[in-house]
Number of protein chains: 2
Amino acid sequence: MATIIEVAAAAGVSTATVSRVLSQPGRVAEATRAKVMEVVEALDYRPNVAARSLRTLRAAKILLTVPDISNPFFASVIRGAEEAARDAGYAVVLGDTRHDPEVEDQYAEMLSRREVDGLVFLGHRLPASLEALVARQGASAPVVNGCEYSPEIGVPSVHIDNAAGSADAIEHLVELGHREIGVITGPPISPISRDRLAGALRAAERHGLKDRLHLREGDYGADSAHRAARTLISEGVTALFCFSDEMALGAISAVGAAGLSCPDDVSVIGFDDLPLARFFHPALTTIAQPKGMIGRRAVELLVGILRGSEPAERQLTLAHELIRRASTGPAPNTR
Amino acid sequence: MATIIEVAAAAGVSTATVSRVLSQPGRVAEATRAKVMEVVEALDYRPNVAARSLRTLRAAKILLTVPDISNPFFASVIRGAEEAARDAGYAVVLGDTRHDPEVEDQYAEMLSRREVDGLVFLGHRLPASLEALVARQGASAPVVNGCEYSPEIGVPSVHIDNAAGSADAIEHLVELGHREIGVITGPPISPISRDRLAGALRAAERHGLKDRLHLREGDYGADSAHRAARTLISEGVTALFCFSDEMALGAISAVGAAGLSCPDDVSVIGFDDLPLARFFHPALTTIAQPKGMIGRRAVELLVGILRGSEPAERQLTLAHELIRRASTGPAPNTR
DNA sequence: AGTAATGATGTAAAGGATTACATTGGCAGG
DNA sequence: CCTGCCAATGTAATCCTTTACATCATTACT
């Protein structure tokens, strides 16, 4: 692989000029520029990133960690983040942490070692190795949280109003006449699960149903919801609100396995609006999140920090939407 | 951030010794090692990767590109790849190419620029910018193909026997008495779709059904299969074989939309065995791929090449398996 | 005791790009 | 024609680490 020295020699200029041609073409005479570019093409020269990043102390990369890459919800977020990063001249390094704090820390090390310029994390935990950094640098620490949001972490974040979305789901079920409603939450450490639970409780309270909510804990995966739904069905609920579409799929499967029909016997509503949700059987009613936009805005926030401009807003709340499909219907006891 | 020079000064040794303590602890006296480590801890020193990689010409990273990160099939492959990479001391940079050759090229550039040491690509196209490299270096080019396989590309690859898997699916349907079978393929540029089609045709031929196969082209996404299934159903097929589980979900949805039942009126069989497949309604019969193992083996092959050992096998064919669930049943005209 | 071998550590040269500062030459204005 | 400025380009230091080679001190052996 050719180096900048060989290019400079072949073009009859100094390395400084070659470097300038590549990074600030305007500061070089047109004739020289053309000549250098010609040689660059001929030698198929590519700047060595290690050398560049050693000198500039910047990596032109941002790290994006997701708690579970097999969750299709994150795929759309990743898409949006990648686009925004590309627009800003950054490449994205993607890390799958599998909800494992140790792996989260390993990835976060990349930031400490300057392998990447910043971090967008979609989980709910700030990796331990970054706590000191965030405490020290505050708002100018190159770390942004997406999807989840915990005020105590102290980093900017992008998310929807989870409590409001959750309340909308409950309102929808109540409107359909449901009174015995099962709620399959996420793990209690997850702030968005807590927010959604709070929203659901508040909405239920408005209708005097607070104590009739049947709560069960899930882990956002279909399996856990399948199990939870089984017992909820035996408790006689007529509707199930799941904190993720995957769990809704597991719940629908449990309804079928119990010999019941969704939505005739049991309505099911999810959360996220996965691309596949409309192909579920029955098509899934759910609370849609603006997934791509969450990713995009999170990266834009991070890039703003990296550029040194103080972000206008440190917390971005995007709009959610109730998508009515076929998995919810009137409560069976309604007449 | 402390540098190795500061550490050396604080520990009263040379930078060479510090470097050795970190990379080859055995070559240093125990007392010195302890002393240096103490300072390393105290100063929270982390080697600068840019400098290291500049000096060693290695990045300790491998690039993994997937054609579509929102396809959960790849998630499991990615998991396996990451594990194997970690075991071998490499980090994984993940790229989502969205089937876009331009994006594929952009990622491949990372290899040319030595930002990564090698590439595992899960698509079916060798990025154009790497053709020269592969032609020049042949088997020692640090490039491996996973899932897909085209002999003409000339790089090692890991995959299942797609033709055989596909034949198994057809055999299963024929065994159940189906004669009018719809097949929803992938795009014809995809070699695995071609292989699966060939396998399906061969199996059909064995039963004299070659000309009764109803072929339609899909794109592995649920949408395309939903549309294709609609017309196939109107043609009177009693079974649908889809080249991906996502398409099978789309097909099942079309069966329901046509007022028919799966599997009573139309059986559906998929391909991949996504983690969610057993929660589909009905639970999906499918051809399972060893997804994690494909990722793991692909990385191991690549690491072998990077270590300079000639790979024992350049083509690895792993085992697939027919998973019988509820979406396939006896043909309705069977008695 | 002298020599060889071994082990521990130090010295200093890369590795490739960027950029502050220096230099050159041309041109405008007086 | 001289001065001063500007644009274009060059010089060389710098970023931080690894590692071949050199050095020195021990130990083992004859």
Side-chain angles (χ1 to χ4, degrees), chain A residues 1-40 43-61 89 91 109-117, chain B residues 1-40 43-61 89 91 109-117:
Chain A
M1 178 66 73
T3 73
I4 199 172
I5 300 181
E6 302 169 46
V7 174
V13 298
S14 73
T15 61
T17 300
V18 176
S19 175
R20 278 189 283 254
V21 166
L22 264 24
S23 51
Q24 359 177 10
R27 308 201 47 68
V28 136
E30 175 52 26
T32 328
R33 201 193 63 80
K35 173 70 185 160
V36 169
M37 283 312 291
E38 197 180 301
V39 176
V40 165
L43 267 53
D44 192 28
Y45 166 74
R46 328 273 167 94
N48 177 311
V49 279
R52 166 179 294 171
S53 131
L54 172 59
R55 181 59 232 236
T56 61
L57 300 178
R58 297 185 319 110
K61 291 197 189 87
E109 284 284 300
M110 295 184 74
L111 187 56
S112 318
R113 285 187 311 242
R114 299 237 114 97
E115 283 186 82
V116 296
D117 298 328
Chain B
M1 176 68 72
T3 73
I4 199 172
I5 300 181
E6 302 169 47
V7 174
V13 299
S14 72
T15 61
T17 299
V18 176
S19 176
R20 278 189 284 254
V21 165
L22 263 25
S23 51
Q24 357 177 13
R27 304 193 42 66
V28 136
E30 175 53 25
T32 326
R33 200 195 63 80
K35 174 69 185 160
V36 168
M37 284 311 292
E38 196 180 300
V39 176
V40 164
L43 268 53
D44 192 28
Y45 166 74
R46 329 274 168 95
N48 177 311
V49 276
R52 165 180 293 172
S53 135
L54 173 59
R55 179 61 229 239
T56 60
L57 300 179
R58 297 184 318 111
K61 292 199 187 84
E109 285 283 300
M110 295 184 74
L111 187 56
S112 318
R113 285 187 311 241
R114 302 234 111 99
E115 281 186 82
V116 296
D117 298 329

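Every chain is numbered from 1, with letters handed out A, B, ... down the list of sequences.
Comparing Ile4(A) and Glu30(B) by the nucleotide of DNA chain C whose heavy atom lies nearest to each, the residue mapping closer to the 5' end is Glu30(B).
The CZ atom of Arg113(B) sits 15 Å away from the C1' atom of dG16(C) (whole-angstrom rounding). What separates CD of Glu115(B) from C1' of dG16(C) is a distance of 14 Å, to the nearest Å. With rounding to whole Å, Glu6(A) atom CD is found 13 Å from dG15(C) atom C1'.
No more than 12 heavy-atom neighbours from other residues, nucleotides or ligands sit within 6.0 angstrom of CZ on Arg114(A).
For Glu109(A), the salt bridge (charged side-chain N to carboxylate O under 4.0 Å, His left out) criterion is met by Arg46(B), not counting sequence neighbours. Take Ile5(A) and apply the side chain to side chain contact (heavy atoms under 4.5 Å, CB included) test, not counting sequence neighbours, and it matches Thr3(A), Thr15(A). Every residue meeting the side chain to side chain contact (heavy atoms under 4.5 Å, CB included) condition with Asn48(B), not counting sequence neighbours, appears here in chain and number order: Leu54(A), Ala50(B), Ala51(B).
Distance NZ/Lys61(A) to CD/Glu115(B): 4.0 Å, rounded to 0.5 Å. We find the CG-OG distance between Asp117(B) and Ser53(B) to be 8.0 Å, quoted to the nearest 0.5 Å.
Rounded to 10°, the helix from dA1(C)-dT30(D) to dG30(C)-dC1(D) has 40° between the axis fitted to its first five pairs and the one fitted to its last five.
Residues Val21(A) and Met37(A) share a closest heavy-atom pair of CG1-SD, 3.7 Å. Here the closest non-hydrogen pair linking Val116(B) and Leu111(B) is O-CD1, 3.5 Å.
Among Thr17(B), Val18(B), Leu22(B), the single residue meeting the side-chain contact (heavy atoms from CB on, under 4.5 Å) criterion with Val28(B) is Thr17(B).
With a heavy-atom cut-off of 4.0 Å to chain A, the contacted part of DNA chain D has its first and last nucleotide at dA8(D) to dC16(D).
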Shorter than 3.5 Å, N or O on both sides, protein versus nucleotides 22-28 of chain C: list them out with atom names.
none

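Within a heavy-atom distance below 4.0 Å of DNA chain D, the residues of residues 48-58 of chain B found are Asn48(B), Ala51(B), Arg52(B), Arg55(B), Thr56(B). For the contact set between residues 15-26 of chain A and DNA chain C, defined by any heavy atom under 4.0 Å, the members are Thr15(A), Ala16(A), Ser19(A).
Listed by first then second residue, pairs satisfying side chain to side chain donor-acceptor pair (under 3.5 Å) with a partner in residues 20-37 of chain B read Glu30(B)-Arg33(B), not counting sequence neighbours.
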